[in-house]
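Each chain gets a letter, A, B and so on, in the order the sequences are listed, and its residues count up from 1.
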2 protein chains.
Amino acid sequence: MTDQDLLNEAIKEAERGLAEGGLPIGSILANSSGQIIARGHNLRVQTGDPTAHAETVCIRNAGRRRDWHTLTLVSTLSPCIMCTGTSLLYKIPRVIIGENQNFRGAEELFAQHNVQLINLNDPACVKLMADFIEKHPDLWNEDIGIPS
Amino acid sequence: MTDQDLLNEAIKEAERGLAEGGLPIGSILANSSGQIIARGHNLRVQTGDPTAHAETVCIRNAGRRRDWHTLTLVSTLSPCIMCTGTSLLYKIPRVIIGENQNFRGAEELFAQHNVQLINLNDPACVKLMADFIEKHPDLWNEDIGIPS
């Protein structure tokens, strides 16, 4: 699978989250052959778990393993500092994002830790998130830790 | 409750984790009156969830809320970059740790974000962790993302 193919799978996860009434953010983990080894989407609204951002859910779904340093993390949106930290804990060396126009996370930390960050600037990802933020500003602010 | 009282409750969580066959790391969230509002311990071994570090579990257990900026996070050990990132996402302003001799996490990030970090240098915390690392070096290395 190409980087765009992987992002398209992350977009499917985001759409799943939106259909469930949650935030439309999706994530994929792929191995070095481009095979998907885990998927996840934001479940914060669906489960009440404040740590259930898409990337953290995806890493959780990958289970206990020791090959993190060979994987690629894909997200429809620039990861927040929690998801960035989770990715850095496990030394995931490559991160593909759909966009960082609606939200720019802790991208400087990826650079500091020599993680390769690839932004595909995908219009579908930008639209998914912009539409959601316009309709549900309060859910979005809660997601990124802004006090009410 | 004093800071040491809160740390003692985090130590109880760590001991609970150890008794379950997991890593002896415990965490507490307290409000500005010193009341405990959530507890957690490392559940990585017990549940197979690679994100189940003590502090992340504790924040998960606190559920959806908007008062994070008034809380104190307590941990028996200096938080790793994932747990630091989770705490920073939600703008938790004050972090109490038992020790950072066995592991020093991403403490510089707390400083960069003006989080008050208090290290109680607690001998019980140091011993709990040192004993575990000596007996289970591989479980410990997996916990902090070192490839096997």
Trainee: Any idea which heavy atoms bring B:Ile59 and A:Thr51 closest together, and the distance?
Mentor: CG2-CG2, 4.1 Å

Trainee: Of the listed residues (A:Val57, A:Asp138, A:Asp67), which shares the most heavy-atom pairs with chain B below a 4.5 Å separation?
Mentor: A:Asp138

Trainee: Are any non-hydrogen side-chain atoms of A:Leu88 and B:Met82 less than 4.5 angstrom apart?
Mentor: no

Trainee: Using the rule that Ile, Leu, Val, Met, Phe, Trp and Tyr join whenever any side-chain heavy atoms are under 4.5 Å apart, tell me whether A:Ile25 and A:Phe132 fall into a single cluster.
Mentor: yes

Trainee: Which atom pair, heavy atoms only, marks the closest approach of A:Pro50 to B:Arg64?
Mentor: CD-N, 4.3 Å

Trainee: Any idea which heavy atoms bring A:Arg66 and B:Ile146 closest together, and the distance?
Mentor: NH2-O, 2.9 Å

Trainee: Hey, what do you get for CD1 (B:Ile81) to CG (A:Leu109), rounding to the nearest 0.5 Å?
Mentor: 5.5 Å

Trainee: Sort B:Val45 into side chain, backbone, both or neither according to what part of it lies under 4.5 angstrom from a heavy atom of chain A.
Mentor: both

Trainee: Starting at NE2 of A:His69, measure out to OG of B:Ser148 and round the result to the nearest 0.5 Å.
Mentor: 7.5 Å

Trainee: With rounding to the nearest 0.5 Å, note down the distance linking CD in B:Glu108 to CD in A:Gln112.
Mentor: 8.0 Å

Trainee: When clusters are formed by joining ILVMFWY residues with side-chain heavy atoms under 4.5 Å apart, either directly or through shared neighbours, do B:Val95 and B:Val74 land in the same one?
Mentor: no

Trainee: Select one option (side chain, backbone, both, neither) describing which atoms of B:Thr84 are under 4.5 Å from chain A's heavy atoms.
Mentor: neither

Trainee: If you round to the nearest 0.5 Å, how far is OH of A:Tyr90 from CD of B:Glu142?
Mentor: 7.0 Å

Trainee: Which answer fits B:Asn141, side chain, backbone, both or neither, if we ask what part of it has an atom under 4.5 Å from a heavy atom of chain A?
Mentor: both

Trainee: Transitively linked via ILVMFWY side-chain contacts under 4.5 Å: B:Leu71 with B:Ile28?
Mentor: no

Trainee: Taking B:Leu43 as the starting point, is it possible to reach B:Leu18 by hopping between hydrophobic residues whose side chains are less than 4.5 Å apart?
Mentor: no

Trainee: State yes or no: do B:Met1 and B:Leu29 share one hydrophobic cluster built from I, L, V, M, F, W and Y residues joined by side-chain heavy-atom distances below 4.5 Å, directly or via other members?
Mentor: no

Trainee: To check you understand the geometry: which heavy-atom pair defines the closest contact between A:Leu89 and B:Asp143, and what is its length?
Mentor: CD1-O, 4.0 Å

